[in-house]
Amino acid sequence: MSAQAVATEPESDIVIDVEGLTKSFGGPPVVKNLTMQVHKGLIYGFLGPNGSGKTTTLRMLCGLLTPDSGRGTCLGYDIRTQTADIKRHVGYMTQRFSLYQDLSIRENLEFVARIYNLDHPRQAAQDAIVRLGLENRADQLAGDLSGGWKQRLALGACILPQPELLLLDEPTAGVDPKARRDFWDEIHKLAHEGLTVLVSTHYMDEAERCHEITYIAYGEILAHGSVAQVVADAHLSTYTVTGPDLSDLAEYLKTLDGVDMVAPFGVELHVSGRDGAKLDTATATLRAEGPQVWTQGEPTLEDVFIDLMSKTKDNYA
Amino acid sequence: MSVESDVDRRTRGFRASFSRLRATFIKEFLQLRRDRITFATMIFIPLMQLLLFGTAINTNPRHLPTAVLIQDDSSFARSFLAAMRATDYFDISTSASSEEDLDHLILSGKVQFGVQIPAHFGRDLIRGDRPAILVIADATDPTATGSAVAALNGLSQTVFSRELTGAAASLAPKKPPYDLRVHLRYNPAIETRLNIVPGLMGTILTLTMLIFTGLSVTREIERGTMESLLAMPIRPVEIMLGKIAPYVVVGGLQMTLILSAARLLFGVPIEGSLPLLIALTLLFIVANLSVGYTFSTIATNQLQAMQMSFFFFLPNMLLSGFMFPFRGMPQWAQNFGEVLPLTHYLRIVRGIMLKGATFVDLQLDVLALALFTLAAMALAVARFRQTLD
Ligand SMILES: Nc1ncnc2c1ncn2[C@@H]1O[C@H](COP(=O)(O)OP(=O)(O)OP(=O)(O)O)[C@@H](O)[C@H]1O
Ligand SMILES: [Mg+2]
């Protein structure tokens, strides 16, 4: 059965469908019982602290790692047995630059074009160079490019063979804001054309540009949904505090019962609690007496993640 | 029923496979060209080795320094020395004054041979007393002395034929009742370089080919490019052939250089068919490239791959018949040697260049090389890790 045959069935648009994926490298599992579904045409954000198992999950999805247990499909192909088919249709951009540093941009792209047996590899590479705006650097060695250009080249190489699914592992790490925005515009354009994108990132603003996000820590999914859903599901009450002596206040607040998270954001302090009532009681006097100004606010995605992170740390402590 | 997508149609089948092979080939070639040091190494190291070893190694040395202690002044003594000189093996350079002096010259390594002709040698000989000539050889290096001693033994038949005439004729050694005719075929002058230079071609190709492919897979792992490569729809056998092919070209280049040098500088003949020699040398090159590639799939880093290559190279050099006569090795070593590609290649290259052997003469060795290559390739494909587990 091919991807197209699946595509005519009701749950037509599920591109990634995995269940109970577990993977360990000798020690404790790095990914635990992970279940997820990704729908066609969506940009799906994959977030989580360092070492939480994002890269490992992406590698399992594209057949580079075999899960210890669990099963699933990617584009309708079994991730255990049909990896060759998966590789044909998936573009995987690795976290670490993994094109050939001693080949030029053009040579790298031509290599990819030939691997996928494109009809006119030279022309395909040239088109990609123009699309990426790399005309002036086309004959520069990939190893000599700056970080941002490397990322752009890697993305270009990924989409060259017109995959149906993109797995991008921290594609914008170390990229300047303008280039990041261009990068995301490009990703949105591709998604609009029907491509599905699973992208891991550490940037909150990028998470907010995803249609759906999943937060993973210690190999387990802790939150999932649209950004608004994830924020709502966290049931965090948050105050934004401005005024003098914020750092002293922060130290003091951390000792209070009912305050789960205190995080400075520039000249503001975000104070959150999982239990709204408890937070209100604990901070009642401070709010009334000042000298800082307290305003009830919406928790940001970052508040939610930092809280999730500290919660799991507690669990593992 | 399934509808094939665009990508499937493009990436399935023989033509797609060829395209991927081509992609890998071009990529490897570009990388190789860019790596100037490696490129220079590949061209100059073989030439240097050939010139160095080809001219330096001689297992049949002549003009060995010899000291004499002559205590007899008969014409017999003079004849004997003249005959020794005439063999070309002895360079009578020193004259010792006493037996102690002679011993000392040998012990200190100033001379390789000492010859003592005792007092009254001539008189005793005429009397029929069978006097002895003492020849002391420094046999710490048997190869260096062997041929010279053999030449000396050959002297006894003829050396005094001029003196032993007339009344003394009965003392002349009797001729055996038959003639022994030894034909030294293919290398009548027993010139070492004729044996060494073709052998060197084999050893040089073994070493360089092993190292080239030995590094190829581990390099991708160490540089992190393996992750991208494995995420692409390319099969292990395509990677292998794509990586081996550019080095067949390089090996061919080396072969051309070495063959030209052998012919022009060392005057080694090519008695047999040159196209056959080229074809079989290419087969040998592929055999070694496959071994190197196999190591590369087993090793986890470049250093390990390098060590494995040397580990494989040593028995090739020592047990193939390159360094020491193959038939001089004990049976187990010969059996072991039969498994090594260089053993078969040496027979092929010496056979074609020196003896004018044809394909039919060499078919067993060709078969062995081909089987070896296939086995190594099969192992490499089986061993190739397609995941990052
Ligand atoms: N090949 C491997 N062998 C052993 N351990 C591994 C291997 N790959 C990953 N790990 C371990 O698995 C854990 C998860 O790694 P992974 O790379 O998936 O995290 P990540 O979420 O991508 O982190 P980051 O945000 O830093 O990229 C880490 O503790 C890492 O040390
Ligand atoms: Mg990672």
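In the text below, chain A, chain B and the rest are named by the order of the sequence lines, each starting its count at 1.
- Looking at Glu238(B), there are no atoms closer than 4.5 Å to chain A (heavy atoms on both sides), in backbone or side chain.
- Closest approach of Lys87(A) to Gln386(B), counting heavy atoms only: NZ-O, 3.9 Å.
- The shortest non-hydrogen separation linking Phe111(A) to Ala23(B) is CD1-O, 3.5 Å.
- Leu388(B) contributes atom CG, which lies 5.0 Å from atom CZ of Arg59(A) (distance to the nearest 0.5 angstrom).
- For the atom pair Asn117(A) CG and Arg20(B) CZ, the distance stands at 7.5 Å (nearest 0.5 Å).
- Taken from CG in Leu64(A) to CE in Met226(B), the straight-line distance is 10.5 Å, to the nearest 0.5 Å.
- The 12-atom threshold is exceeded at CG of Leu264(B), counting heavy atoms of other residues, nucleotides or ligands nearer than 6.0 Å.
- The CG atom of Asp389(B) lies 9.5 Å from the CE atom of Met60(A); values are rounded to the nearest 0.5 Å.
- More than 12 non-hydrogen atoms from other residues, nucleotides or ligands lie less than 6.0 angstrom from CZ of Phe25(A).
- Dense packing is recorded around CZ of Arg80(A), with more than 12 heavy atoms of other residues, nucleotides or ligands lying under 6.0 Å away.
- For Tyr92(A) against Ala231(B), the heavy-atom pair with the smallest separation is CD2-CB, 3.8 Å.
- Interface remark: of the candidates Ala84(A), Pro161(A), Cys62(A), Pro161(A) forms the most heavy-atom pairs closer than 4.5 Å to chain B.
- Thr387(B) and Gly63(A) get closest at one heavy-atom pair: CG2-O, 3.8 Å.
- For Leu230(B), the parts lying near chain A are the backbone and the side chain together; criterion is any non-hydrogen pair under 4.5 Å.
- The contact between Gln162(A) and chain B is made by backbone and side chain atoms together, counting heavy-atom distances below 4.5 Å.
- Using a 4.5 Å cut-off between heavy atoms, Ile86(A) makes no contact with chain B at all.
- Screening Arg34(B), Lys27(B), Gln31(B) for a side-chain hydrogen bond (donor to acceptor under 3.5 Å, both in side chains) with Asp102(A), the sole residue that qualifies is Gln31(B).
- Atom-to-atom distance recorded for Arg223(B):CZ and Arg96(A):CZ is 11.0 Å, nearest 0.5 angstrom.
- The OH atom of Tyr100(A) sits 12.0 Å away from atom CG of Leu30(B), with the distance rounded to the nearest 0.5 Å.
- Looking at Asn108(A), there are no atoms closer than 4.5 Å to chain B (heavy atoms on both sides), in backbone or side chain.
- Between chain B and the residues Leu118(A), Asp85(A), Val112(A), the most heavy-atom pairs under 4.5 angstrom are made by Leu118(A).
- The two residues Gly224(B) and Ser98(A) come nearest to each other via the heavy atoms O-CB, 3.1 Å.
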